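Because the structure is predicted, anything quoted here is derived from the model rather than measured.
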Amino acid sequence: MMFAGSLAHAEEYLETEESVHSHPTVMDAWFNGKAEVYIQDGLFAKVFPELRRDFAEEGIIAYGWSMTALQGNPVGGRDQDFQFTNLTDFGVDFDLETIAGIEGLSARISGSSASGNDLTEDVGATIPVNAVFSGDSTRFFEMYLEQEWGDEQWNLRVGRLAVGWEYGLDYDVFTNYLSAAYRLNVFGLDANTPNFSVIPFANWGARLRWTPNENWKLQASFMNGSPQDFADDNLHGLEFDFQPGRGSFLIAEGTYQWSATEQQRRSSGRLPGRITLGTYFDTGEFDHLDGSGRTGRDVGSVYGIVRQKVWEPEPLTDRGVHVWSAVTHAWNESLVTFPWYVNGGLLWFGPLESRQHDNLALGFANGWFSDSLQGQSTESVLSASYTFYINDVLDITPNVQYVVQPGGRSNTDDALILGVLFYLTL
């Protein structure tokens with residue numbers, strides 16, 4: 001499911017009564033780096049339509065979504081098993097321009113609930129076989145203020161933030177997969193430091209973003225890097241210590257997209273695409289991977305993501321085929337699990353004329369383990385998913401994965417994984 005993103009103020013949620021569930025391959029705006037749902041979409045809108053609209057008119061917009069994954073590995077891995085896992089995210093946006101007359105200011109507070117077990121352990125893999133499993137805990141998640149100015153070209157976000165909502169992702173592509181090899185971020189980034197925080201984990205920080213037009217986006221964040229245990233189930237997201245002197249996490253990213261709007265498509269005659277380049281640096285202290293008990297400081301990474309639409313059944317349609325790929329390289333190999341990580345795939349939006357909101361997603365991923373991890377070389381993941389759009393409440397995504405050399409160990413059998421993801425918009 002793709003949220004209808006880039007809505008800054010409450011009145012924008014009220015622009016249309018029509019359900020919005022499109023694939024923004026012809027983009028009019030950037031994904032805003034947070035979960036958003038049009039008020040006429042989702043389960044709440046079906047049960048309490050007037051109540052939801054009344055609150056939105058006053059500048060209070062509630063949202064929520066729930067992902068449930070059912071998976072089993074009938075062949076290969078360490079053990080054969082079947083597991084269930086769920087992640088539910090919920091929150092409220094406050095449009096302070098509507099509520100208090102403060103132009104461009106908004107706030108968000110959110111929480112999450114995670115439950116179930118992780119099939120990754122049964123498979124023996126290092127790359128998680130699903131992006132849903134997040135432990136077993138109810139957590140406090142995001143809490144921040146967000147200020148826009150300069151005709152909405154500039155945006156500052158300060159508070160409890162999740163780096164993975166805004167960096168190292170191509171949202172409209174990566175959300176079509178189940179494996180964490182692809183969804184929601186390039187796994188080679190969060191695999192090497194917990195401070196590349198992904199949903200539903202957040203930490204103190206600030207992010208500044210500049211989007212001068214539909215083609216360019218530049219952003220940078222400074223995040224608290226110590227302590228690193230904010231994802232601990234027992235802390236319930238309430239680890240509020242701020243100790244940047246013991247470690248800080250800095251990240252910067254730039255994205256350029258071509259033929260980003262319908263007007264640009266008409267004038268250029270080119271199919272849309274984009275390229276993202278980024279880097280991060282973590283000044284914290286990390287254990288050496290060789291088990292020696294030694295520690296070291298400073299890890300970092302550079303990464304790139306590219307996506308290109310290569311075919312469409314008719315001009316200027318959101319339907320069609322995209323190909324994409326990503327690569328990450330991390331330094332200080334004695335401290336990072338994956339010095340190199342590569343993935344990519346093919347997305348076909350609306351493969352059938354009769355089911356134009358369905359998606360077909362194929363993917364490959366390969367991670368090269370650090371030389372400090374003896375007996376571990378590479379792990380590869382092949383994936384195929386098909387998302388059935390049921391309505392603006394529910395998507396169902398059957399998924400098949402084949403994990404080659406789980407955990408990078410040659411003595412672990414390759415694993416076949418069958419599963420299904422249920423995505424519910426609340």
For Ala220, does its backbone N or O pair with a side-chain atom of Tyr167 as donor and acceptor, under 3.5 Å? yes
Out of Glu146, Gln219, Gln147, Glu148, which residue meets the side-chain hydrogen bond (donor to acceptor under 3.5 Å, both in side chains) rule with Arg157? Glu146
In Å and rounded to the nearest 0.5 Å, what is the CZ to OG1 distance from Arg183 to Thr397? 7.0 Å
Donor-acceptor pair, distance only, cut-off 3.5 Å: does the side chain of Arg52 make one with the backbone of Ala62? yes
Check the pair Trp165 / Glu142 against side chain to side chain donor-acceptor pair (under 3.5 Å), numbers first and verdict last. CA-CA 11 Å; Trp165 260 131; Glu142 301 164 297; 3.3 Å; yes
Would you please indicate if the ring centroids of Phe174 and Trp324 are separated by under 6.0 Å? yes
Please examine the side chains of Thr412 and Val123, heavy atoms only from C-beta on, and report whether any two atoms are closer than 4.5 Å. no
Carboxylate-amine/guanidinium proximity below 4.0 Å for Glu121 and Arg78: no
Ser179 side chain to Ala181 backbone, donor-acceptor under 3.5 Å: yes
Counting only N and O atoms by type, is there a donor-acceptor contact under 3.5 Å from the side chain of Asn130 to the main-chain atoms of Ala69? no
Mind telling me whether Trp311 and Trp348 have parallel, tilted or perpendicular rings, with 30° and 60° as the class edges? perpendicular
When the ring centroid of His236 is compared with that of Phe140, is the distance short of 6.0 Å? no
Sub-3.5 Å donor-acceptor pair from the side chain of Arg207 to the main-chain atoms of Asn155, do we have one? yes
Holding to salt bridge (Lys or Arg N to Asp or Glu O under 4.0 Å), I want the full list of residues that pass it with Arg266, two or more places apart in sequence or in another chain. Glu262
More than 12 non-hydrogen atoms from neighbouring residues, nucleotides or ligands closer than 6.0 Å to CH2 on Trp258, yes or no? yes
In terms of ring plane angle, is the pair Tyr280 and Phe249 parallel, tilted or perpendicular, where the classes change at 30° and 60°? tilted
Between the side chain of Gln405 and the main-chain N/O of Thr378, is any donor-acceptor distance below 3.5 Å? yes
Going through the checks in order, is the side chain to side chain donor-acceptor pair (under 3.5 Å) test met by Asp233 and Ser137? CA-CA 5 Å; Asp233 281 359; Ser137 180; 4.8 Å; no
Got a sec, which residues hit side-chain contact (heavy atoms from CB on, under 4.5 Å) with Phe338, two or more places apart in sequence or on another chain? Thr126, Ile127, Phe187, Ala191, Asn192, Phe369
In chain order, what residues pass the salt bridge (Lys or Arg N to Asp or Glu O under 4.0 Å) check against Arg246, with sequence neighbours excluded? none
Kindly compute the distance separating CG (Asp395) from CG (Asp358), expressed to the nearest 0.5 Å. 8.5 Å
Should the heavy atoms of other residues, nucleotides or ligands under 6.0 Å from CZ of Phe55 be counted, would the total exceed 12? no
Counting neighbours of CZ on Phe48 that are heavy atoms of other residues, nucleotides or ligands and sit closer than 6.0 Å, is the number greater than 12? no
